[in-house]
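Here the structure comes first, spelled out in structure tokens, and everything after it is commentary.
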Protein chains: 2
Amino acid sequence: MSNPEFNLDQFLPYVLSRAAEASSLGFQKFYRQRYGMLRTEWRVLFHLGRYGDMTAKAVCERASLHKTKVSRAVRALEKKRFLSRTRQEHDRRHETLSLTRHGLVVYTDLQQLAKEYDAKLASRFTPQEREVLNRCLDKITKL
Amino acid sequence: MSNPEFNLDQFLPYVLSRAAEASSLGFQKFYRQRYGMLRTEWRVLFHLGRYGDMTAKAVCERASLHKTKVSRAVRALEKKRFLSRTRQEHDRRHETLSLTRHGLVVYTDLQQLAKEYDAKLASRFTPQEREVLNRCLDKITKL
DNA sequence: GGTTATTGGTTTGATATGTAACTAACAACC
DNA sequence: GGTTGTTAGTTACATATCAAACCAATAACC
């Protein structure tokens, strides 16, 4: 069919999104089954767990997530008692998000699992490959 | 916060999905703006355009898409007169999907744009990087 | 100090997605 | 030739997502 030079299986956006889906799938089950969390929820949890308390806006920026998504994830996490909010006194529009003790436990658990899962993935690559891979993905992510 | 060894920005599923999103974004506008197509729709279109007529089932397998998604995409593409279906005589459960003349024109246009877009992305990498990248992504995709 | 603009966050309504149940065509078995 | 199983594709319903409108707090300007 038409131009044989174009190979769909080497088209970067396509290949990337397939790889992303495949690699997410294996990890999903941990946060879904164990804690009934959604993808965006664990992302928010991870950001808070890894980088400490911050405002919803900050999460949006760090994680490149839209504010409506974050808003809903925060509500869900709050309902599960994984995080709590506190309005800032000097500017009552901002609210600081912090993990509860329970949330921190969950984060620690998932973080450990993530580390193991990542190690398993990484084991398929040589250190050089891994390095190139990270570098390339980083370049792509930044526009 | 807790274990400083775990770096979210190197967690493969996370990094991959961000890169995938970023790289898709730039290409989206072509099929969205020009032809009002959705992601799944262009995937189906591309598979038919690139690999010729096939059944919906075959598209599912090749593109790793769920049959309901394909079903809906096919209907949408049919409505736009980009493809047509024909029941197979020897087994009336199967229907062969083929691009219409119009669909082929659209495919050719998008395929050209994809090639250019891909070249632009690829220009940021050395051939070696590109090779490693493809190899790694391929490994990840296959489990 | 009242008007206008901006900003952090939420809500709403239209659209997309995933899961499971469904239909229709065929095959296999007796 | 009727029962049972399987397969290609669709439908229905519940859920997730996106965009745009919205609200409330602050800032900026006069």
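What you see is a predicted model; the values in this text were computed from it and never measured. Below, chains carry the letters A, B, ... as their sequence lines are ordered, and counting in each starts from 1.
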Would you mind writing out the side-chain donor-acceptor pairs for residues 26-37 of chain A within the sub-3.5 Å range, not counting sequence neighbours?
residue : atom : partner : partner atom : Å
A/K29   : NZ   : A/G26   : O            : 3.3
A/Y31   : OH   : A/W42   : NE1          : 3.2
A/R34   : NH1  : A/D109  : OD1          : 3.3
A/R34   : NH1  : A/D109  : OD2          : 3.0
A/Y35   : OH   : A/D109  : OD2          : 2.5

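- If B/R87 and A/R32 are placed on DNA chain C by their nearest nucleotide, the residue sitting closer to the 5' end is A/R32.
- Between A/E89 and A/T40, the one whose closest nucleotide on DNA chain D sits nearer the 5' end is A/T40.
- A/S71 places no side-chain N or O within 3.5 Å of a backbone atom of A/K67 that could act as its donor or acceptor partner.
- If you measure from atom NE2 of B/H94 to atom P of D/dA8, you get 5 Å, rounded to the nearest angstrom.
- The closest side-chain donor-acceptor pair between B/T68 and B/H66 falls under 3.5 angstrom.
- Note: CD (B/E78) to C1' (D/dT10) measures 13 Å, nearest angstrom.
- A salt bridge links A/R130 with A/D118: the closest approach of a Lys/Arg side-chain nitrogen to an acidic carboxylate oxygen falls below 4.0 angstrom.
- Atom CG in B/L77 sits about 15 Å away from atom P in D/dG9, given to the nearest Å.
- In this structure, B/R39 atom CZ and D/dC18 atom C1' are separated by 15 Å, rounded to whole Å.
- Side chains of B/E95 and B/T86: no donor on one and acceptor on the other come within 3.5 Å.
- When the side-chain nitrogen and oxygen atoms of B/K69 are compared with OP1 and OP2 of C/dA16, none of them lie within a distance under 4.0 Å.
- Side chains of B/S64 and A/R18: a donor on one and an acceptor on the other come within 3.5 Å.
- When rounded to the nearest whole Å, the span between CG of A/L65 and C1' of C/dG9 equals 15 Å.
- Using a 4.0 Å heavy-atom distance criterion, B/R85 is classed as a sugar-phosphate-only contact.
- Remark: C1' of C/dA24 and NZ of B/K57 are 16 Å apart, rounded to the nearest angstrom.
- Rounded to an integer number of Å, the gap from CG of B/L25 to C1' of D/dC18 is 13 Å.
- When the side-chain nitrogen and oxygen atoms of B/S71 are compared with OP1 and OP2 of D/dT11, none of them lie within a distance under 4.0 Å.
- One atom, CZ of A/R62, and another, P of C/dG8, lie 17 Å apart when rounded to the nearest Å.
- Between B/E129 and B/R124 there is no salt bridge, since no side-chain N of the basic residue sits under 4.0 Å from a carboxylate O of the acidic one.
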Could you list the protein-to-nucleotides 19-25 of chain D atom pairs, N/O on both sides, closer than 3.5 Å?
residue : atom : partner : partner atom : Å
D/dA25  : N3   : A/R93   : NH1          : 3.4

